[in-house]
Amino acid sequence: MPSNDVRILAQAAVPTAAVGAVAAVVSGLVVGGKGAIGSAVATVIVILFMGLGLYILQRTAKSLPHLFQAMGLMLYAAQILLLFVFLAAFKNTTLFHPKAFAFTLVAGTLAWIAAQTRAHMKSKILYVEPDKTGHSS
């Protein structure tokens, strides 16, 4: 993964982890240990799903740029589907508090999107690849 991609990933993951940590503390204080566990699980899921999605989109943009938009739409649909599968599998769990999980999942996703948007706007990405041989055509 090129350094610019890693930078964008870090600039999105770190604020998301911070939001998750705050949510875990608040959930732990409000509903106990299961709330903190629910928030922690939600934070890990957001970072994994969104991070993997960013990685796949960056690879697609470099290797198959004509499929970038379609891949983005398919990826977001797949992420939502996987989230529903996860929620269905753990629907009746007693491992964590479901409301703390849900609120943290939404807050973490919003934090990721905002941070990734900010990172993309501040990054200096070339629109045209410069000639690598130094020759001008």
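Everything quoted here is computed from the prediction, not taken from an experiment.
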Nearest-0.5 Å distance, [atom1] of residue [X] to [atom2] of residue [Y]:
X: Ser27; Y: Lys99; atom1: OG; atom2: NZ; value: 12.5 Å
X: Lys122; Y: Arg7; atom1: NZ; atom2: CZ; value: 12.0 Å
X: Thr60; Y: Met74; atom1: OG1; atom2: CE; value: 7.5 Å
X: Ile80; Y: Leu75; atom1: CD1; atom2: CG; value: 10.0 Å
X: Ile8; Y: His120; atom1: CD1; atom2: NE2; value: 4.0 Å
X: Leu9; Y: Trp112; atom1: CG; atom2: CH2; value: 5.0 Å

Worksheet entry | Residue Phe103 excluded, over 12 heavy atoms near CZ under 6.0 Å | no
Same apolar cluster (I L V M F W Y, side chains within < 4.5 Å links), [X]/[Y]:
X: Leu83; Y: Val19; result: no
X: Phe101; Y: Val31; result: no
X: Leu105; Y: Ile37; result: yes
X: Val22; Y: Val30; result: yes
X: Leu82; Y: Ile113; result: yes

Does any non-hydrogen side-chain atom of [Y] lie less than 4.5 Å from one of [X]?
X: Thr16; Y: Met50; value: no
X: Leu95; Y: Val41; value: no
X: His66; Y: Leu64; value: yes

Worksheet, complete the sentence: Between Thr104 and Gly20 the two heavy atoms that sit nearest each other are CG2-CA, 4.4 Å
Discussion item. Please find the pair of heavy atoms, one from Pro15 and one from Ala115, that lie closest to each other, and give the distance.
Written reply: CG-CB, 3.8 Å
Worksheet entry | N/O donor-acceptor pair under 3.5 Å between Gln79 side chain and Phe49 backbone | yes
Discussion item. Once you measure the plane-to-plane angle for Phe90 and Phe96, does it fall in the parallel (<30°), tilted (30-60°) or perpendicular (>60°) bin?
Written reply: tilted
